[in-house]
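A note on names: the letters A, B, ... follow the listed sequences, proteins ahead of strands, and every chain is numbered from 1. For clarity, every value in this text was computed on a predicted model and none was experimentally measured. Heavy atoms only: backbone and side chains are in, while hydrogens, waters and symmetry mates are out.
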Amino acid sequence: MTNQERIWQVVHQIPRGKVASYGQVAKLAELPGYARYVGYVMKNLPAGTKLPWHRVVNSQGRISFPRNSSSYQRQKTLLEKEGVVFIKGKFSMKEFGWLQDEI
DNA sequence: CAAGGGGCTGTCA
DNA sequence: TTGACAGCCCCTT
């Protein structure tokens, strides 16, 4: 079980309509401080992966891509399709944050 | 082995 | 609220 696989499993557990931050995913994967590594892993996901990578955002509740990039648009669209409401380029972690009230 | 950079974070001005 | 900065860990040069 590699660290990368642990991260995949955690991301896979994020329920539909919820989002988690990179740091949160890292912690749940028992890899505190690996936030940046999580981003690295997401970037190198195999093509056609079923991992809900779009449910992972930064701690500010914002997408870590330039607003005009296609990746940004793709992630935003996927999230909205799951019911996550975007407001002024970001969304409320209070409302959609995963395990926000259990941590 | 050293250096650079990547979908990050928390702190401080 | 925004921007600059210093830590973070890992992979590729």
Consider side chain to side chain contact (heavy atoms under 4.5 Å, CB included). Of A:Val11, A:Val41, A:Ile7, which one does A:Leu51 pass it with?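 That would be A:Val11.
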
A correct 5'-to-3' footprint of nucleotides 4-11 of chain B, with B, S and - meaning base, sugar-phosphate only and no protein heavy atom under 4.0 Å, is --BBBSS-

Would the distance check show the side chain of [X] and the main-chain N or O of [Y] forming a donor-acceptor pair, the cut-off being under 3.5 Å?
X       : Y       : answer
A:Arg55 : A:Lys18 : no
A:Gln75 : A:Val57 : no
A:Asn58 : A:Gly61 : yes

Separation of the P atoms in C:dG7 and B:dG7, to the nearest angstrom: 23 Å

Of all the heavy-atom pairs spanning A:Trp98 and A:Ala20, show the shortest one and how long it is. CE3-CB, 3.8 Å

What is the distance, to the nearest angstrom, from the CD1 atom on A:Ile7 to the C1' atom on C:dC11?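 For the pair A:Ile7 CD1 and C:dC11 C1', the rounded distance is 13 Å.
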
Rounded to whole Å, how long is the line connecting atom CG of A:Asn3 with atom C1' of C:dC8?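 Rounded to whole Å, this separation is 14 Å.
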
NZ-CZ distance between A:Lys76 and A:Arg67, expressed to the nearest 0.5 angstrom: 10.0 Å

State the pairing partner of B:dG7; accept Watson-Crick or G-U wobble contacts with both distances under 3.5 Å, and report none otherwise. none

